[in-house]
Protein chains: 2
Amino acid sequence: MTPITIYDIAKEANVSVSTVSRVLNDTAPVRASTREKIMSIIAKHQFQPNAQARSLIKKETGTIAIILPDITNPFFPEVFWGAENEARGLGYTFFLCNTAGDYNRESEYLSMLREKRVDGIIFLGGRINMQTCPDDMAQELIDVGKRTPVVLVNGNIAKGGFHRVYTDEGAGAALAAEHLLELGHKDIAFVGGLKELSTTMVKVRAVQKKLREHGLEIPKDRLLLGSFSIDDGKREMAKLLESDNPPTAVICVNDNTAIGAMKTTIEHGLSIPRDISIVGFDDTPLASAVIPELTTVSQNTYQLGKLAVDKLHELINQRQVKKQTVLQPELIIRQSTGPAPR
Amino acid sequence: MTPITIYDIAKEANVSVSTVSRVLNDTAPVRASTREKIMSIIAKHQFQPNAQARSLIKKETGTIAIILPDITNPFFPEVFWGAENEARGLGYTFFLCNTAGDYNRESEYLSMLREKRVDGIIFLGGRINMQTCPDDMAQELIDVGKRTPVVLVNGNIAKGGFHRVYTDEGAGAALAAEHLLELGHKDIAFVGGLKELSTTMVKVRAVQKKLREHGLEIPKDRLLLGSFSIDDGKREMAKLLESDNPPTAVICVNDNTAIGAMKTTIEHGLSIPRDISIVGFDDTPLASAVIPELTTVSQNTYQLGKLAVDKLHELINQRQVKKQTVLQPELIIRQSTGPAPR
DNA sequence: GTGAAAGCGCTAACAG
DNA sequence: CTGTTAGCGCTTTCAC
């Protein structure tokens with residue numbers, strides 16, 4: 001119960017604190033017998049050195065943080081898992097900061113993390129995904145970046161000069177569009193995603209571009225942005241199906257919305273992919289769990305987290321690192337896409 | 001870049017460090033003009049006090065940890081979300097420790113967290129879910145508990161005297177069994193879950209008990225334990241369907257396995273619930289996303305996390321708290337269950 | 001209202 | 001090999 005310190009150990013072993021410190025950190029030779037005596041006393045009291053005190057001197061805390069918008073969206077746990085697994089091996093402990101898409105919360109966390117002197121920060125979603133990030137929010141992150149290593153995942157701050165690892169989401173969306181085009185689809189819709197976020201618009205633009213190459217486009221009434229949830233997928237898809245002008249294929253901003261869209265489609269008595277083809281994004285575990293299995297763009301989510309930590313680690317240790325690491329997505333063709341009807 | 005301290009601020013403001021400390025913590029009256037001068041200097045340098053140094057004195061870090069087995073299983077992010085949301089309001093930052101079901105990793109984390117002097121620990125899964133937890137593992141956690149407040153969620157250590165919040169999983173399983181019984185099912189199977197874990201066996205026993213009350217039972221060949229993944233659900237269900245003796249209803253250890261089981265069932269050309277009824281556990285977001293929608297037992301997952309933090313907070317502040325908080329589960333009847341065939 | 005000084009628990013020279 | 005002695009950056013008496 002009583003907080004026991006290195007001094008208590010030293011006294012009981014009849015040595016100085018520095019000797020105890022030496023055995024604790026193996027930082028200088030200590031006579032074997034002394035070492036053993038000290039170790040046994042440490043074990044007896046279950047003594048564990050106070051990391052706070054050590055950090056104060058060493059100017060490192062062995063702690064990194066990940067800021068992300070929604071741990072409840074299966075994409076993020078997967079990233080986290082890749083990051084944490086790697087970080088643990090490197091000796092870090094992870095702060096997880098869930099911002100729920102609230103920019104104030106991001107700011108609060110940024111501030112807390114500075115006070116706690118984390119060794120580095122991995123940032124996903126939120127402001128680094130905004131189409132146009134307000135200057136003050138951008139500046140805030142840039143200021144943090146001056147004092148603490150930061151790695152952005154799947155996002156960016158214009159002119160921020162940040163280190164980043166990201167998936168080429170545009171390329172992924174183009175892959176999806178191409179696949180649909182090859183299947184003969186001409187009436188293609190896009191569903192889901194906040195229109196303020198670049199992760200949405202990058203995909204939309206890439207699809208538009210690909211379609212235009214074929215003399216096609218997504219008309220306004222087939223561009224149904226919303227959010228990233230299953231429910232939103234249901235909602236937008238319902239609008240689409242009840243419109244004058246339903247598509248034969250839809251590209252969804254992520255797997256969640258795709259699954260919602262599938263559900264609504266089937267509930268409307270349509271068959272996937274016979275009547276409508278649907279493609280998702282992220283290849284979360286759900287994609288292969290639903291019926292029909294979802295054709296989707298794989299982001300290699302685990303790697304995203306792992307590589308972010310690797311980069312952060314190099315940064316923390318002041319080593320040279322490439323500013324950017326780009327991951328190429330891959331189209332996973334499953335059962336939810338097929339030839340255009342008729 | 002240069003680490004700026006309270007001393008730098010004091011010097012620039014021509015005051016002593018104690019005065020700066022006072023305005024930082026609002027811990028004693030400071031003349032308005034002095035305060036303003038100090039504040040402006042703080043703002044100018046974007047100074048943020050070093051939490052490590054403060055913790056050293058105050059003996060609290062404003063940090064709590066959650067240890068859990070698999071952030072990738074949708075149940076846990078939900079718990080985390082409830083916990084984090086509550087904790088943030090109370091001024092804590094969260095360490096997330098993913099153990100991947102590895103008991104060594106639990107031990108490592110337990111040790112790190114002690115060194116980092118977290119204010120409290122929330123523990124899920126792993127050893128607190130073992131049918132019989134080896135003495136050394138139990139003792140390790142008990143020792144941690146002597147120095148750091150610990151709350152166990154949905155698990156226990158026999159004779160550990162821990163504070164706990166948990167769902168009455170047995171009652172939930174009984175609800176599921178009862179529902180199937182009322183629908184006229186007599187051939188009921190149980191799918192998924194590690195047999196070493198109490199979270200599995202509590203459910204199995206509750207179902208057995210309920211069935212016996214009706215002169216029924218789950219025979220050995222309809223008790224297919226495995227793990228908690230979608231894939232395991234598929235695997236076990238396949239065995240069941242290909243056996244001599246397929247059931248008319250199956251209770252799954254969680255939603256993941258239920259979804260896997262549904263998939264396999266449908267792929268075998270059977271109809272749910274006409275040929276087979278399936279019930280899950282946890283009511284994760286998936287449950288209402290699949291077709292047919294899954295009948296499942298809701299655990300009120302968010303509350304589990306929230307209440308754990310509340311209890312931990314009380315403990316940290318040395319207040320009286322009930323040792324146990326039990327949440328009653330609820331059966332959510334959707335589309336995957338129906339009358340027994342014939 | 002404000003300052004001086006003594007630590008919090010540990011590491012890191014610097015002497016022996 | 002081992003002990004002494006400064007701090008790390010902050011809070012907190014205790015005086016004034």
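Throughout, a chain's letter reflects where its sequence line sits, starting with A, and its residues are numbered from 1.
One interatomic measurement links the two molecules: NZ of Lys58(A) to P of dG7(D), which rounds to 19 Å at whole-angstrom precision. As rounded to whole Å, 16 Å separates atom C1' of dT11(D) from atom CD1 of Ile9(B). Summarising the geometry, the separation between CD on Gln48(B) and C1' on dG9(D) is reported as 14 Å, rounded to the nearest angstrom. Separating the NZ atom of Lys11(A) from the P atom of dT2(D) is a distance of 20 Å, rounded to the nearest angstrom. Here dT2(D) presents its C1' atom at 16 Å from CG of Asn25(A), a figure rounded to the nearest Å.
Looking at Arg35(B) and Asp26(B), a side-chain N of the basic residue comes within less than 4.0 Å of a carboxylate O on the acidic one, giving a salt bridge. Between Lys306(B) and Asp310(B) there is a salt bridge, since at least one side-chain N of the basic residue sits less than 4.0 Å from a carboxylate O of the acidic one.
A donor-acceptor pair is defined here as one N or O able to donate and one able to accept, closer than 3.5 Å; no such pair exists between the side chain of Asp70(B) and the backbone of Phe76(B). A donor-acceptor pair is defined here as one N or O able to donate and one able to accept, closer than 3.5 Å; such a pair exists between the side chain of Arg164(A) and the backbone of Gly155(A). In terms of modelled atom types and a separation under 3.5 Å, the side chain of Ser40(A) and the main chain of Lys37(A) share a donor-acceptor contact.
The residue Ser55(A) sits apart from the nucleic acid: no heavy atom pair falls under 4.0 Å. Contacts of Thr27(A) with the nucleic acid, taken as non-hydrogen atoms under 4.0 Å apart, are absent.
Tyr92(A) and His313(A) have perpendicular rings, their planes meeting at more than 60° on a 0 to 90° scale where under 30° would count as parallel.
Contact between the side-chain N/O atoms of Ser21(A) and the OP1/OP2 oxygens of dA12(C) is not found at any separation under 4.0 Å.
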B/S/- along nucleotides 3-9 of chain C (protein heavy atoms under 4.0 Å) is BB--BBB
